[in-house]
Amino acid sequence: MYYNDKTVIFYNGQFVKANNASMGLYNQTLHYGNGVFEGIRAYATEQGTRIFKPQAHFERLQFGAEVMGIEFKYSVEELTAITYELLQKNNLSNAYIRPLVISGVNMGVFSAKDSDLVIQCWEWGKLMGSKLLRVKTSTFQRPNPKSCVVEAKVTGHYINSILASNEAKKEGFDEALLLDMNDNVAECSGANIFMEKDGKLITPPKGHIMAGITRTTIIELCQQEGIEVVERDFKIEELKTADSAFFTGTAAEVVGLASIDSYTFPQIWEQSLGYRLMKLYKQEVLGLRNKRAVY
Ligand code: PMP
């Protein structure tokens, strides 16, 4: 599904066949989860293939490498150019792009001296599908921001997401919603959350969440459209009084929630702000809206 005989990846400074690439077994990413990655999308637009917000994504990758002490020398411009070339080599326009910075060899628990960059891409539908999601409040919390840098997209952090998703799926739900260490609503395993109440949106502030690039895009769209968005903490009990709610993320895009635990969101999805923003987001990524947004 992710690759076949023809798939080309960028690895170790060159374009190679995915089937021919190999990796050592002594690197620190494999053993301790010290790697950083990104999830980016490209879209087929009227002007050709367009990577959405490459600068924001590659800057987050650089930030992650820096805070984790991983050597990483590529500039945003180089990364963007390599990614466009990779898409072309794979004949892809609508694609999910996965850069990963793999740490070098080191069995100690301090950063390795060197790293390898791999960029992979494949065709991928909306991560969580298009159906409204039945969501469970996870018994797992998001990590304490004093235990790691939550805004860095570090491979090891995703153990927390996997535990939460596994638990939710095992109990028959589609997805997990995680609270933070103070019992405030934080985010989904791989997406941010917004709730709608009385015609305005509320979303958790930065601090205990991944500051999603899609979250920022949604806030920008709201500003352009005159939709009020408040960034503040709220508890799960308050979410269970909301009219509707939705998740946002690069892979998930915008997806509505049917329910949280046994609470069903009462608003008809097609009449919600989430639905309107889902449509606006699609136009935005396709470059069909006005150019007020900054990339
Ligand atoms: N939260 C988590 C935990 C994530 O993994 C992601 C995906 N990167 C997001 C939120 C959404 O971030 P973005 O909109 O930048 O993809």
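Throughout, numbering of the chain's residues begins at 1 and tracks the sequence. Note that ligands are numbered from 1 as they come in the structure, with each ligand's atoms numbered from 1 the same way. The structure presented is a predicted model; accordingly, all values stated were derived computationally and were not measured. The figures here come from the full heavy-atom set of this structure, side chains too, leaving out hydrogens, waters and symmetry mates.
Which of G39, G249, G190, A186 comes nearest to atom 9 (C) of ligand 1 through a heavy atom is settled by distance: it is G190.
At the shortest separation from atom 8 (N) of ligand 1 among protein heavy atoms lies K153 NZ, 2.7 Å. Scanning the protein for heavy atoms near atom 5 (O) of ligand 1, the closest one is Y158 OH, 2.5 Å. Among protein heavy atoms, atom 14 (O) of ligand 1 sits closest to T214 OG1, 2.6 Å. In this structure, atom 2 (C) of ligand 1 lies nearest to the protein heavy atom E187 OE1, 3.4 Å. The single protein non-hydrogen atom nearest to atom 15 (O) of ligand 1 is I213 N, 2.7 Å, given as residue, atom name and distance. Scanning all protein heavy atoms for the shortest distance to atom 12 (O) of ligand 1 gives G212 CA, 3.4 Å.
For the pair R134 and F173, the cation-pi criterion (under 6.0 Å, within 45° of the ring axis) is fulfilled. Judged by the 6.0 Å distance and 45° axis criteria, K240 is not positioned over the aromatic ring of Y263.
Taking the six-membered ring where tryptophan is involved, the planes of W122 and W124 are perpendicular, since the angle between them exceeds 60° and thus also 30°. By the 30° and 60° cut-offs, the orientation of the rings of F194 relative to F246 is parallel.
The backbone of A191, and not its side chain, has at least one atom closer than 4.0 Å to an atom of ligand 1 (non-hydrogen atoms only; backbone = N, CA, C, O). For R142, every heavy-atom contact with ligand 1 shorter than 4.0 Å involves the side chain, none the backbone.
Ligand 1 has no atom lying under 4.0 Å from any heavy atom of H157. Ligand 1 lies less than 4.0 angstrom from a heavy atom belonging to S189. Within the 4.0 Å heavy-atom cutoff, E38 does not count among the residues contacting ligand 1.
Crowding of Y158 atom OH: a count of heavy atoms from other residues, nucleotides or ligands under 6.0 Å exceeding 12.
In summary, E284 and K53 do not engage in a salt bridge, as defined by a charged side-chain N under 4.0 Å from a carboxylate O. Ion pairing between a basic and an acidic side chain is recognised when a charged N comes within 4.0 Å of a carboxylate O; R289 and E225 show such pairing. Look at R232 and E238 and you find a salt bridge, because one of the NZ, NE, NH1 or NH2 atoms lies within 4.0 Å of a carboxylate O, short of that distance. Contact check on R142 versus E187 returns a salt bridge, with a Lys/Arg side-chain nitrogen under 4.0 Å from an Asp/Glu carboxylate oxygen.
Atom numbering of ligand 1 starts at 1 in the shown order; those under 4.0 Å from a heavy atom of N192 are 10 (C), 11 (C). Here is the list of ligand 1 atoms found below 4.0 Å of a heavy atom in T250: 13 (P), 14 (O), 15 (O), 16 (O).
Atom OG of S244 and atom CG of L273 lie 7.0 Å apart (nearest 0.5 Å).
Residue S161 has no N or O atom closer than 3.5 Å to an N or O atom of ligand 1.
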